[in-house]
> 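Questions regarding the structure given below will be posed in turn.
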Number of protein chains: 2
Amino acid sequence: MASAKISSDTGTLGKAISVLDVIASAPEPLRFRDLANQIDQPRGTLHRQISNLIEEGLLQVNPDQSYSLGLRLLKFAAQSWSQNGLREIAEPHLRALHELTGETVHLGVLQGTEVIYLDKVESRQAVRMHSQVGNSSPCYCTGVGKAGLSVLPRDEAEARIAQINFHKFTETTLPNAKALLRELDEINRTGNAYDREEHEPGIHCVAAPVFTADRSITGGLSVTAPCYRISQRQLESWADDVRATAQAIIADLPVKMGPRA
Amino acid sequence: MASAKISSDTGTLGKAISVLDVIASAPEPLRFRDLANQIDQPRGTLHRQISNLIEEGLLQVNPDQSYSLGLRLLKFAAQSWSQNGLREIAEPHLRALHELTGETVHLGVLQGTEVIYLDKVESRQAVRMHSQVGNSSPCYCTGVGKAGLSVLPRDEAEARIAQINFHKFTETTLPNAKALLRELDEINRTGNAYDREEHEPGIHCVAAPVFTADRSITGGLSVTAPCYRISQRQLESWADDVRATAQAIIADLPVKMGPRA
DNA sequence: AATCAGGTTCCATTATGTGGAACAAGATGG
DNA sequence: CCATCTTGTTCCACATAATGGAACCTGATT
């Protein structure tokens, strides 16, 4: 992965954001030099971009001259989250589903080819809840992702799938567009999507699509569990409940659904 | 509040972000027209800025043509949060302080003239934890804010205070820079900051500063409680514990502290 | 002391964003 | 039912703002 894709037609803004993106996806703090390597821009230019981002509070310099995302992003995100109507409406339903199954329940939406998790309900209080909210995963190897894809118009789904770079996380990860499309058909028939250890070994889930009437928001919810505790059969037994919960959420959405309630 | 302050010297980026800011701080969804009113820009220009923001996933259009913050911000924020070293280091200490007092414990840092909350530990599990993280409050009427200000170099503190627009939230809200500076002196002497119902009636707190050696990060932690349950005297009895916790966190910070551990 | 890599500043050039005006599409109302 | 207003979108000549090369710091390293 040499250099970050620079969104071609959003000009200056796109370049700035792609700097953020590089920093966000780096596993460890990046210094100026590291950035310069990953982003194909002259040193001077990059330096100014960074300065601007810092001035705006979107980026922070650490004493050791490495960079991290700025706290202003946290502030924005808190607002984005609390204003999100889907999350708000879904919450009681997620709780109910968790009560029923005793396993972790996720709510996520498609953003391009990624799933972004909006909420999570799990038993073990020890695990910090917010740790997961806002995280993202590829759409082709998660239940929520495949559920979200399945309710897109076929051409839209294909367009997105064309952008996917299929990485084989596990033995069972779907290897290509063809396999994925086949599964989307299956999901459309049954109304349920499964992740059979396709993203992480030992973890599987059953999901169902959640979407607005106009498909401007598509995603899904899932019940996730470790294989050692919950069998495939047991998982399948929740399929109807998951679907019912998804339907209940959809029914609660205002006709003209917006991210704010 | 007619129009949003546009950061003058970050050019295009600044303008784009100020659009986000307007949307973020609006209590209800804004339509194109509302934005055009609040942002002093020609319609055409604004329209393109919005389009770019949408394309970058920083903004979303709702079916009813109102706008909300995009989910990509959530993703960025999740990373920003999980990479934040201060939060990570502070967490066990916050828990311990919560165990001791039984009341809500906050950790926040100064960002300009605002406090941004990084973490929160509270008893009532019913309240969603992440609801508060990332929220912000003015620095002049919160314990954490005043604590953070108190450890800034005097001239820096004064510079920031000069930017404050003192709004009288309650009877006891500090009315002006002079009063605030006087209190900062007091905090420097005692090592503890108080919010005596200065932000919300019926809520008070005791706080202590947390900061890096070079003061590049300053903030504080606080124990917050409703007045009806916890007396001023009781609050004061925790002052030493709060200070000790703050010291413990500072001691745990790497010498070259960066937001990442 | 000399060299080098990392980081920052400057400024002429040019690409990019700007904003006025024209256009489209609903509302409103006379 | 047509006229008019209000809201939202597109276009393009122009000016501003981003660009990137080069010069310049600074502190390691030899």
Side-chain angles (χ1 to χ4, degrees), chain A residues 2-23 26 28-56 58-68 70 214 216 255-256 258, chain B residues 2-23 26 28-56 58-68 70 214 216 255-256 258-260:
Chain A
S3 72
K5 171 183 58 184
I6 295 190
S7 313
S8 43
D9 47 358
T10 51
T12 310
L13 178 66
K15 290 171 203 157
I17 300 300
S18 73
V19 171
L20 283 188
D21 223 4
V22 167
I23 292 176
E28 47 180 48
L30 296 176
R31 314 233 317 285
F32 183 92
R33 191 168 86 80
D34 310 314
L35 277 173
N37 283 341
Q38 288 199 43
I39 301 175
D40 190 25
Q41 302 246 9
R43 305 234 280 304
T45 301
L46 180 59
H47 185 264
R48 184 178 29 73
Q49 290 171 338
I50 292 177
S51 308
N52 286 341
L53 287 170
I54 290 172
E55 186 156 343
E56 288 296 332
L58 303 180
L59 217 53
Q60 263 173 269
V61 221
N62 310 335
D64 66 341
Q65 304 213 77
S66 64
Y67 299 96
S68 348
D214 64 353
S216 64
V255 183
K256 298 201 113 194
Chain B
S3 74
K5 171 181 56 184
I6 295 190
S7 312
S8 42
D9 47 358
T10 51
T12 311
L13 178 67
K15 291 173 203 157
I17 300 300
S18 74
V19 171
L20 283 188
D21 223 5
V22 168
I23 292 175
E28 47 180 51
L30 297 176
R31 311 234 318 279
F32 183 92
R33 162 133 167 71
D34 310 314
L35 277 174
N37 283 341
Q38 289 199 43
I39 300 174
D40 191 24
Q41 302 243 13
R43 313 247 266 321
T45 301
L46 180 59
H47 185 263
R48 184 177 28 73
Q49 290 172 337
I50 291 177
S51 308
N52 286 340
L53 287 169
I54 290 173
E55 186 156 343
E56 288 296 333
L58 304 179
L59 216 54
Q60 264 174 272
V61 221
N62 310 335
D64 65 342
Q65 302 213 79
S66 63
Y67 298 96
S68 350
D214 65 353
S216 65
V255 183
K256 301 201 110 192
R260 308 203 191 184

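Each chain gets a letter, A, B and so on, in the order its sequence line appears, and its residues count up from 1.
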> Return whichever of A:Arg43 or A:Leu13 has its heavy-atom-nearest nucleotide of DNA chain C closer to the 5' end.
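That would be A:Arg43.
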
> Quick one: how far along DNA chain C does chain A reach, first to last nucleotide 5' to 3', anything under 4.0 Å to a heavy atom?
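From 5' to 3', the first and last contacting nucleotides are C:dG6 to C:dG17.
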
> Can you see if the side chain of B:Arg33 gets near the phosphate of D:dG8 - specifically, an N or O under 4.0 Å from OP1 or OP2?
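For B:Arg33, the contact criterion (side-chain N or O under 4.0 Å from OP1 or OP2 of D:dG8) is not met.
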
> So, using side-chain contact (heavy atoms from CB on, under 4.5 Å) as the criterion, who are the partners of B:Ser51 when residues are at least two apart?
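In terms of side-chain contact (heavy atoms from CB on, under 4.5 Å), with neighbours along the sequence ignored, B:Ser51 is linked to B:His47.
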
> Nearest whole angstrom, please: distance from the C1' of D:dG21 to the CG of A:Asp40.
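It is 15 Å, rounded to the nearest whole Å.
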
> Measure the shortest side-chain to side-chain distance between A:Val22 and A:Val19 over non-hydrogen atoms and say whether it is less than 4.5 angstrom.
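A side-chain contact is absent here, since even the closest heavy-atom pair is not under 4.5 Å.
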
> Quick check on contacts: within residues 45-52 of chain B, what sits under 4.0 Å from DNA chain C by heavy-atom distance?
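Here the set is B:Thr45, B:Arg48, B:Gln49.
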
> Is there side-chain contact between B:Asp34 and B:Arg31, with heavy atoms separated by less than 4.5 Å?
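B:Asp34 vs B:Arg31: side chains touch.
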
> Could you check if a side-chain atom of B:Glu56 sits within less than 4.5 angstrom of a side-chain atom of B:Asn52, using non-hydrogen atoms only?
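B:Glu56 vs B:Asn52: side chains apart.
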
> Can you measure B:Phe32 atom CZ to D:dT9 atom C1' for me and round it to whole angstrom units?
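Distance check: B:Phe32 CZ to D:dT9 C1' gives 8 Å.
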
> Got B:Tyr67 and B:Leu53 here, is their nearest side-chain heavy-atom distance under 4.5 Å?
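No. Closest side-chain heavy atoms not under 4.5 Å.
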
> Counting C-beta onward and ignoring hydrogens, is there a side-chain heavy-atom pair between A:Leu30 and A:Ser66 closer than 4.5 Å?
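Result no, sub-4.5 Å side-chain heavy-atom pair not found.
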
> When the distance from CG of B:Asn37 to C1' of D:dT6 is rounded to whole Å, what number comes out?
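Atom CG in B:Asn37 sits about 12 Å away from atom C1' in D:dT6.
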
> Between B:Thr12 and A:Asp34, name the one whose nearest nucleotide on DNA chain C is closer to the 5' end.
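That would be A:Asp34.
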
> For the residue pair B:Thr12 and A:Leu13, establish whether any side-chain heavy-atom pair is separated by less than 4.5 Å.
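B:Thr12 vs A:Leu13: side chains apart.
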
> Any side-chain heavy atom of A:Thr45 sitting closer than 4.5 Å to one from A:Gln49?
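A side-chain contact under 4.5 Å exists here.
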
